[in-house]
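Written out below as structure tokens is the structure these notes cover.
The chain is numbered in sequence order, starting from 1.
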Amino acid sequence: QLQLVESGGGLVQPGGSLRLSCAASGFTLDHYAIGWFRQAPGKEREGVSCISSSGGSTYYADSVKGRFTISRDKGKNTVSLQLNSLKPEDTAVYYCAADDIYISGRQTYDYWGQGTQVTVSS
């Protein structure tokens with residue numbers, strides 16, 4: 001069974017950083033496009049970033065461009081999302097998702113993790 005597990009969330013002050021990780025069991029992440037999404041209470045789910053299976057193509061939502069960086073961690077079967085210059089409006093549950101086809105900015109993926117909470121507050 002294909003499973004995704006997110007980690008690295010937590011409480012951070014505005015301007016701080018976090019590094020989220022998406023780990024897989026049952027399959028190799030290198031074969032899949034990976035997307036990161038977030039959902040804040042009362043708001044719709046938002047696509048944050050995605051990366052192709054090769055790592056050669058990436059996408060970032062305008063709201064995070066220049067602050068977040070997605071990358072593949074060679075040899076670890078994980079994909080990371082580095083969150084810098086965090087703002088209170090970045091507070092949300094962050095999810096990773098996997099699909100065998102990369103489409104920049106896509107919203108639908110075949111496999112989803114359970115999410116990790118990111119809270120930005122002073």
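A cation-pi contact, defined as under 6.0 Å to the ring centre and within 45° of the axis, links R106 to Y109. Annotation: cation-pi pair R38/Y94 absent, no NZ/CZ under 6.0 Å from the ring centroid and within 45° of its normal.
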Please walk me through it: do D30 and R72 pass side-chain contact (heavy atoms from CB on, under 4.5 Å)?
CA-CA 8 Å; D30 288 350; R72 291 189 174 273; 4.0 Å; yes
Go through the steps to decide whether L83 and R67 satisfy the test side-chain contact (heavy atoms from CB on, under 4.5 Å), and finish with yes or no.
CA-CA 6 Å; L83 286 58; R67 301 188 298 123; over 6 Å; no
Please walk me through it: do Q82 and S71 pass side-chain contact (heavy atoms from CB on, under 4.5 Å)?
CA-CA 8 Å; Q82 179 69 38; S71 62; over 6 Å; no
side-chain contact (heavy atoms from CB on, under 4.5 Å) for Q117 and T91? Distances and angles first, verdict last.
CA-CA 8 Å; Q117 177 70 46; T91 295; 4.0 Å; yes
Audit row: K65, D62, salt bridge (charged side-chain N to carboxylate O under 4.0 Å, His left out) steps and yes/no:
CA-CA 5 Å; K65 202 170 292 183; D62 288 342; 3.1 Å; yes
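You'll find the side chain of Y102 reaches within 4.5 Å of the side chain of S57, heavy atoms only. Side-chain contact between L4 and L29: present, with at least one pair of heavy atoms (C-beta onward) separated by less than 4.5 Å. Looking at heavy atoms from C-beta onward, P88 lies in side-chain contact with P14 at the 4.5 angstrom threshold. Residues D110 and Y32 have side chains not in contact (no heavy-atom distance under 4.5 Å, counting atoms from C-beta outward).
Y111 and I51 fall within a single hydrophobic cluster, where Ile, Leu, Val, Met, Phe, Trp and Tyr side chains are chained together by heavy-atom contacts under 4.5 Å. Under the 4.5 Å side-chain heavy-atom criterion for Ile, Leu, Val, Met, Phe, Trp and Tyr, Y59 and V48 are members of distinct hydrophobic clusters. Residues L2 and Y95 are members of separate hydrophobic clusters, defined by side-chain heavy-atom contacts under 4.5 angstrom among Ile, Leu, Val, Met, Phe, Trp and Tyr. One hydrophobic cluster holds both V12 and V64 under the rule that ILVMFWY side chains link at heavy-atom gaps under 4.5 Å.
Atom CD of Q114 has 12 or fewer heavy atoms from other residues, nucleotides or ligands within 6.0 Å.
C50 approaches G105 most closely through the heavy-atom pair SG-N, 3.7 Å. The two residues S17 and S85 come nearest to each other via the heavy atoms OG-N, 4.3 Å. Contact between L20 and G9 at its shortest, heavy atoms only, is CD2-N, 3.6 Å.
Distance CZ/F27 to CG/N77: 7.5 Å, rounded to 0.5 Å. Taken from CD1 in I34 to CG in D99, the straight-line distance is 9.0 Å, to the nearest 0.5 Å. Residue L81 holds its CG atom at 10.0 Å from SG of C22, rounded to the nearest 0.5 Å. The structure places OG of S122 at 7.0 Å from CD of Q13, a figure rounded to the nearest 0.5 Å. Summarising the geometry, atom CD1 belonging to I70 is positioned 9.5 Å from atom OG belonging to S52; distances are rounded to the nearest 0.5 Å.
For an aromatic pair to be called close, the ring centres must be under 6.0 Å apart, and W36 with F68 fails this.
Between the side chains of S21 and E6, not a single donor N or O lies within less than 3.5 Å of an accepting N or O.
Aromatic ring orientation, W112 versus F37: tilted (interplanar angle from 30° to 60°).
Tested against L18 for a side chain to side chain contact (heavy atoms under 4.5 Å, CB included), the candidates T119, V120, L86, D90 yield a single pass: L86.
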